[in-house]
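Okay, so here's the structure we're looking at.
First the proteins, then the strands, lettered A, B, ... as listed; each starts at 1.
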Amino acid sequence: MEQITVRLPDGSERQAARGTSVREFIAEKIGPGLAKAAVVARLDGEMVDLSRPLESDTRLEVLTTKSPEALEIARHDAAHVMASIVQRLYPGTQVTIGPTVEDGFYYDFFREQPFTPEDLEKIEKAVNEEIARDLPFVRSEVSAEEALKLFESKGERFKVEIIHDIVAKGAKTLTLYTHGDWVDFCLGPHGPSTKKIGVVKLLNVAGAYWRGDPRNPMLQRIYGTAFFDKKELDAYLTRIEEAKKRDHRKLGPQLGLFAFHEYAPGSAFWLPNGSTLLHTLHEAMRNLVLDNGYQEVKTPQLFNKRLWETSGHWGKYRENMFLVVDSETDPSLPLEERCTQSLKPMNCPSHHLIYRMTKRSYRELPVRYFTTDPLHRNEASGTLSGLTRVRQFAQDDSHIYLMQQQITEEVGAIFNLMKLVYGSVGLPFTAKFSTRPEMRLGEDAMWDKAEGSLREALEATKLDWELQPGDGAFYGPKIDFDVTDSLGRKWQLCTIQLDYAAPERFDLSYIGSDNSEHRPVVIHRAIYGSFERFVAILIEHFGGAFPAWLAPVQARLVTVAERHNAYARQTGARLRKLGFRVEVDEANEKLGAKIRDAQIQKIPFTCVVGDKEVEQGGVSPRRYAGEDLKLMPLESFVALLGQEAALPYGA
RNA sequence: GUCGGCGUAGCUCAGCAGGUAGAGCGUCUGCCUUGUAAGCAGAGGGUCGCGGGUUCGAUUCCCGCCGCCGGCUCCA
């Protein structure tokens, strides 16, 4: 029999008979232990089933239950099993698609009756029983006609639609995967059998439009996850619990930071502690950018629609704008005609107006405007969510007007600010570079230059970045930044965007050294993104336990008994005079209870004040983390606070 | 906007086959004068999200609306 050569990741090579399956090869030529742990394999980089025969010389990599990619395969297996169970338990339900997502999988079903939480429990139980049956996944290939016949006979109209699409793209054959008596077509690969999946947990049901289009039928999406090991599942569920505890929507009101009221959906009420936090962030950022050549500006809230016609928002963005009736218009006119004004959803147009108020020389470029004006966007009601998706918010927004040749340096300067800011709160970040989309404005030469400048700036930062070809805005390429919080979750924060369209629309210009007019380029950028969203991220990142410089209350003095109150009051006043945010707890409670209160409020320092402290003129601070710093003179505590409460930027 | 779930005291939640509600914590008052995560006792607190319908009677059943939660869509 003809031999082929299989190279393994360690560089070694083994011979095998042509036609040997991957599974056999692993068992015979590598080891039975590995064969048992194997889920899928990679042949010359392509993911394949273990049943795949080895046809020619190849590189082989075995993916076991330790591999994250294998876990993804197992979750896809789980989606198949779940779909089969749903169709068994709820006959008449039609299947659609069921991909894996981060941390799990889902499957979309078409069924008139909604699935209830009890249904989910039932399904989950049956899925895990099915997994225990150890049914092999069997791959087969059929012609497109056969596949169509098969799914038409089952009345699976969504599957039929997908097959038609695949055929239209030129496919002649389709792969089917069968486990038990349930069949689905699927690119694969799949694991060897249901047992390999491990354990499945169903999480929730949600509506989803077929193919994401609101005009299509509404499907029911069941979300679930799977892990090879029950312990890993439990760890995952614990992580979800932990994330829930840190949920800014829960901590915000608890810590007196912000709240919402149904009279103003999507607009936060900033409570005293939250206002303090906002103020700290605002001051730090404002000082930082003013030190870096930015100028603060403030512009109106309400604008005549002609501004939005100029900017293009009236045509493209009106849905999201709060329109305002002009009381001086004729009341008998239709409402739309009376709405000649709008609250601003973005700052850029009004900044362009400022730029245009005087003639500009190349000598003053870059011109950098900074503002934190409130913005209003009429987001669809169903999208509102805590502070992360709101209708009123403020960005640390800047628009920079500069010459083409200044872009690289300017973007580099923005990176440096970001590094400083994100670094100060311990948020690592990565970048996504989005280049020219198909539908775009401007010539290729312009895009070449724009993308070149951004790429050059990006490379100079030595940051991790990935390319997203075609994802740029229609008027310019952009860089998006993701930060990763302490729970490993990613958040998209801010964007650096080049804009070549606005200067045209607003007829922006500067006089160059050649004494003629030129178009500047505009950079849109924010670092916090919006204060609202940034605060939400910080709350969850720190679990509400802010470092002293951010904490709304930096220290609380707690008295042991009533006779210490006067000293505590006096000491608190002294600390406040030095600029620290300090409160005094004079309540008639036991020390333990007061400490507990301060801990619940997650205050960085709780200072015990009793006989010893009064006598020696000191305090006994304890950190939120629990560390007892013991009795120290007040000056020592002032020095400590001074250090930890200092702004890490913009001081 | 849309699908599903939810809405009872400041918070967490119980309750009601239809007869206008209850606990713990917090709040207030009193006692205790307290040393590193909850002292004791008493009191107060609710238009059971809002509006309509059915009913002798609705927090409970029905309809509409509002808000929140999980998705989808959207997200310069």
Mark yes or no for a side-chain to base donor-acceptor pair under 3.5 Å between A/Arg389 and B/C74, with no hydrogen or angle criteria applied. yes
My understanding is that only residues two or more places apart in sequence, or in another chain, count here; which of them pass side-chain contact (heavy atoms from CB on, under 4.5 Å) with A/Lys316? A/Phe474
At under 4.0 Å between heavy atoms, what does A/Gly529 touch on the DNA or RNA strands: base, sugar-phosphate, or nothing? nothing
Protein-nucleotide distance (A/Ile222, atom CD1; B/C72, atom P), rounded to Å: 15 Å
Is A/Asp213 salt-bridged to A/Arg215, going by a charged N under 4.0 Å from an acidic O? yes
Rounded to whole Å, OH of A/Tyr263 lies from P of B/G49 at a distance of 14 Å
Sugar-phosphate only, base, or nothing, as touched by A/Lys612 at under 4.0 Å among non-hydrogen atoms: base
Measuring centre to centre across the rings, with the benzene-like ring taken for any Trp, is A/Phe531 within less than 6.0 Å of A/Phe534? no
Whole angstrom value for the distance that separates P of B/A76 from OH of A/Tyr500: 19 Å
For a quick test of reading the model: is some side-chain N or O of A/Tyr106 closer than 4.0 Å to OP1 or OP2 of B/G70? no
Taken in chain and number order and not counting sequence neighbours, the residues that satisfy side-chain contact (heavy atoms from CB on, under 4.5 Å) with A/Thr225 are A/Arg75, A/Lys201, A/Leu203, A/Phe227, A/Leu233, A/Tyr236
For B/U27, what is the paired nucleotide under Watson-Crick or G-U wobble rules, both distances under 3.5 Å? B/A43
Mark up nucleotides 2-12 of chain B, 5' to 3', with B wherever a protein heavy atom is under 4.0 angstrom from a base atom, S wherever such an atom reaches only the sugar-phosphate, and - elsewhere. BBS--------
What string of B, S and - do you get for nucleotides 36-43 of chain B, 5' to 3', if B is base contact, S is sugar-phosphate-only contact and - is no contact with any protein heavy atom under 4.0 Å? BBBB----
Atom pair distance, as rounded to whole Å: NE2 in A/His261 and C1' in B/C68: 13 Å
A/Thr116: partners by side-chain hydrogen bond (donor to acceptor under 3.5 Å, both in side chains), with sequence neighbours left out: A/Glu118, A/Asp119
So that I can tick it off, tell me whether A/Lys432 and A/Asp480 are bridged by a salt bridge, with the cut-off set at under 4.0 angstrom between side-chain N and carboxylate O. no
Length of the line joining A/Arg391:CZ and B/C66:P, which is rounded to integer Å: 11 Å
Watson-Crick or G-U wobble partner of B/U36, both distances under 3.5 Å: none
Sequence neighbours left out, what passes side-chain hydrogen bond (donor to acceptor under 3.5 Å, both in side chains) with A/Trp447? Give chain and number order. none
At under 4.0 Å, does any side-chain N or O of A/Arg215 touch on OP1 or OP2 of B/C72? no
Which residues satisfy the ring pair (Phe, Tyr, Trp, His ring centres under 6.0 Å) test with A/Tyr223, sequence neighbours excluded? A/Tyr106
Using whole Å, what does the distance between atom C1' of nucleotide B/C74 and atom NZ of A/Lys316 come to? 16 Å
Between P of B/C72 and CG of A/Asn204, the distance in whole Å: 10 Å
Scan every strand shown for a Watson-Crick or G-U wobble partner of B/G7, both distances under 3.5 Å, and answer none if you come up empty. B/C66
Tell me what A/Leu384 touches on the nucleic acid: a base, only sugar-phosphate, or nothing, going by heavy atoms under 4.0 Å. sugar-phosphate
Check whether any side-chain N or O of A/Arg249 sits under 4.0 Å from OP1 or OP2 of B/C69, and answer yes or no. yes
Taken to the nearest whole Å, NZ/A/Lys478 to P/B/C75 is 10 Å
With rounding to the closest Å, how many angstrom separate the P atoms on B/C48 and B/U2? 28 Å
Side chains of residues 602-614 of chain A: which donor-acceptor partners sit under 3.5 Å, not counting sequence neighbours?
unit_1   : atom_1 : unit_2   : atom_2 : d
A/Lys602 : NZ     : A/Tyr624 : OH     : 3.4
A/Asp611 : OD1    : A/Arg563 : NE     : 3.0
A/Asp611 : OD1    : A/Arg563 : NH2    : 3.4
A/Asp611 : OD1    : A/His564 : NE2    : 2.6
A/Asp611 : OD2    : A/Arg563 : NH2    : 3.0
A/Glu613 : OE1    : A/Gly610 : N      : 2.8
A/Glu613 : OE2    : A/Ser620 : OG     : 2.4

Let's test this: given Watson-Crick or G-U wobble pairing with both distances under 3.5 Å, identify the partner of B/C72. B/G1
Between side-chain atoms of residues 627-634 of chain A and protein atoms elsewhere (two or more places apart, or another chain), which donor-acceptor pairs fall under 3.5 Å?
unit_1   : atom_1 : unit_2   : atom_2 : d
A/Glu627 : OE1    : A/Arg623 : NE     : 3.3
A/Asp628 : OD1    : A/Lys630 : N      : 2.9

